[in-house]
Amino acid sequence: MNASGNTGNPTSSSRLKTVKMLLLATAIAIALVAAGYITASIKGSSGMAAQKTEHEQTVLALRNDLASARQALASATARNHLLFASAALYRTTADLDDRNFGTANTHLQEAATAMAKAATAAANADPEVAKLSTVLGQMNINVATDLAAQ
């Protein structure tokens with residue numbers, strides 16, 4: 001062994017250099033992996049933000065579709081009630097023609113009820129439908145017992 005503490009073996013300094021290079025390469029590899037992880041994380045979060053925006057737009061479009069479907073349903077329901085009222089009024093006229101006043105009165109009340117439902121079913125219902133419903137509801141077809149007065 002010489003005074004500098006070196007054993008005189010030329011390979012020990014090269015081993016030290018090799019260990020230093022290995023540690024340096026490991027540190028560089030760790031830094032590269034960390035940089036890659038951070039880059040992927042940033043790209044992933046921006047991709048998630050884009051997906052979130054896309055999903056929010058899809059949800060908004062679906063809500064708009066749902067609102068228009070509900071409006072169409074309300075319109076169809078109102079039309080259905082009006083058709084039922086029309087049929088009830090037709091039956092009323094047929095009953096009056098047959099001189100069946102009790103049944104005619106029942107069908108008239110059914111028509112008034114159907115028109116009231118039509119007025120409440122549609123959001124933009126015609127106010128005339130509600131007025132006609134009220135008039136029909138107030139009508140009463142009764143046969144007078146005194147036919148001379150009638």
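For this chain, numbers begin at 1 and follow the sequence in order.
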Atom pair CG/NZ of Asn80 and Lys117 - distance to nearest 0.5 Å: 10.0 Å
Is there a side-chain hydrogen bond (donor to acceptor under 3.5 Å, both in side chains) between Asp65 and Ser68? Walk through the geometry before answering. CA-CA 5 Å; Asp65 290 347; Ser68 55; 4.7 Å; no
Cluster link Leu24 to Leu32, ILVMFWY, side chain under 4.5 Å: yes
One should read off an interatomic distance between Leu82 CG and Thr77 OG1, to the nearest 0.5 angstrom, of 11.0 Å
On a heavy-atom basis, the closest approach of Thr92 and Leu108 is OG1-N, 3.2 Å
Separation of His55 NE2 from Thr53 OG1 (nearest 0.5 Å): 10.0 Å
Mind checking the NE2-OH spacing from His107 to Tyr90? Nearest 0.5 Å is all I need. 12.0 Å
Less than 4.5 Å apart, any side-chain heavy atom of Asp95 and any of Phe101? no
With the 4.5 Å side-chain cut-off for hydrophobic clustering, are Leu96 and Leu89 part of the same group? yes
Checking Ser75 side chain against Gln71 main chain: does a donor-acceptor pair fall under 3.5 Å? no
Quick one: pull up OG1 in Thr103 and CZ in Arg91 and give me the separation to the nearest 0.5 Å. 11.0 Å
